[in-house]
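The next block holds one structure in the form of structure tokens; read it before the comments.
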Amino acid sequence: DVIFRDVYINDTTSAVSEFIQDNYDRYTIYSTVPLKENIEGTWVQEGLLSRFYKKENFPTIEEIDKRNDELWSTYQDPLSGSLKEYKNLMLTNVLDFYAFAHINTGDQYSRMKLYEKALQHYRAALRLLPRNMSLYFSESKALVRLQRCDEAKASAMQALDYAIEP
């Protein structure tokens, strides 16, 4: 059973921390976005969702990488259906959801110094949101870390092209 309090809490950090404390030992805790909490631990991007791990249960880089490879390989490409041709009002949020999960996964890989993997996820996000300027800069940073400076410059220039478009 999940525990909910009948109390309105102004401080969401406290509410998240309390929820994690009350439920961590019984349930796996996922969120669509990493949340702020006051517990020693961190959110790990696992495919489309973030999972909270306490410090003592934190997975290895290899485990994180394997889990993400497994999950991302099972998802359908959101552009394989009607979103390829039509940006239906009801479904366009799907592209954002997938793109932001790719961005979070790319950022996680960058922190782990797995820049090639980060680049794969930034490019997957760019495929879904090609006019997102900050993504080009994330891609550029990964390319610089991989010492692919000409590609990094081209990516940064692409972002600037979008910045000055009317």
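On a predicted model such as this, the values are computed, not experimentally measured, just so you know. Heavy atoms only: backbone and side chains are in, while hydrogens, waters and symmetry mates are out.
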Report summary line: d(Ser140 OG, Met157 CE) to nearest 0.5 Å is 10.5 Å
Query raised in the report: Is there a donor-acceptor contact under 3.5 Å linking the side chains of Arg51 and Tyr53?
Result: yes
Report summary line: Residues Ala152 and Val144: closest non-hydrogen pair is CB-CG2, 3.6 Å
Report task. Check the surroundings of atom NZ in Lys141: do more than 12 heavy atoms from other residues, nucleotides or ligands lie under 6.0 Å from it? Result -> no
Report task. Starting from the C-alpha separation in whole Å, work towards a yes-or-no answer on side-chain hydrogen bond (donor to acceptor under 3.5 Å, both in side chains) for Gln120 and Tyr115. Result -> CA-CA 9 Å; Gln120 290 172 10; Tyr115 301 113; over 6 Å; no
Query raised in the report: Relative to each other, are the rings of His102 and Trp72 parallel, tilted or perpendicular (30° and 60° limits)?
Result: parallel
Query raised in the report: Distance from Asn68 atom CG to Gln108 atom CD, nearest 0.5 Å?
Result: 6.0 Å
Query raised in the report: Do Ser80 and Gln76 get their side chains close enough for a donor-acceptor pair, meaning under 3.5 Å?
Result: yes
Report task. Flag yes if more than 12 heavy atoms outside Asn57 fall under 6.0 Å of its CG atom; otherwise flag no. Result -> yes
Query raised in the report: Does some side-chain heavy atom of Tyr30 sit less than 4.5 Å from a side-chain heavy atom of Phe52?
Result: no
**Report entry** Minimal non-hydrogen separation, Leu129 against Ala99, with atom names
**Finding:** CD1-CB, 3.4 Å
Query raised in the report: Who passes side-chain hydrogen bond (donor to acceptor under 3.5 Å, both in side chains) against Ser110, sequence neighbours left out?
Result: Tyr122
Query raised in the report: Mind checking what makes salt bridge (charged side-chain N to carboxylate O under 4.0 Å, His left out) contact with Glu151, not counting sequence neighbours?
Result: Arg123, Arg148
Requested in this report: Give a yes or no on whether a salt bridge exists between Asp161 and Arg131, defined as a side-chain N under 4.0 angstrom from a carboxylate O.
Outcome: no
Query raised in the report: So, Asn23 side chain and Phe19 main chain: donor-acceptor pair closer than 3.5 Å or not?
Result: yes
Requested in this report: With the side chain counted from C-beta on, respond yes when Leu143 and Glu139 share a heavy-atom pair under 4.5 Å apart, and no when they do not.
Outcome: yes
Query raised in the report: Is any side-chain heavy atom of Ile103 less than 4.5 Å from a side-chain heavy atom of Phe100?
Result: yes
Requested in this report: Could you check Thr105, Asn104, Leu49, Ile64 and say which one makes a side chain to side chain contact (heavy atoms under 4.5 Å, CB included) with Val44?
Outcome: Ile64
**Report entry** More than 12 heavy atoms from other groups under 6.0 Å of CE on Met112
**Finding:** yes
Query raised in the report: Between the side chain of Ser155 and the main-chain N/O of Tyr136, is any donor-acceptor distance below 3.5 Å?
Result: yes
Query raised in the report: Are Leu146 and Leu114 connected, step by step, through hydrophobic side chains (Ile, Leu, Val, Met, Phe, Trp, Tyr) whose heavy atoms are closer than 4.5 Å?
Result: no
Report summary line: Between Pro78 and Leu95 the two heavy atoms that sit nearest each other are CB-CD2, 3.9 Å
Query raised in the report: Going only through I, L, V, M, F, W and Y residues with side-chain contacts under 4.5 Å, is there a path from Val16 to Ile29?
Result: yes
Query raised in the report: From Gln21 CD over to Ser17 OG, what is the distance, rounded to the nearest 0.5 angstrom?
Result: 7.5 Å
Requested in this report: List the atom of Tyr75, the atom of Gly47, and the distance in Å for their closest heavy-atom pair.
Outcome: OH-CA, 3.6 Å
**Report entry** Heavy-atom neighbours of Glu56 CD exceed 12 at 6.0 Å
**Finding:** yes
Query - Sub-4.5 Å side-chain heavy-atom contact between Asp69 and Lys66 - result: no
Report task. Answer whether the closest heavy-atom distance between the side chains of Glu63 and Thr60 falls below 4.5 Å. Result -> yes
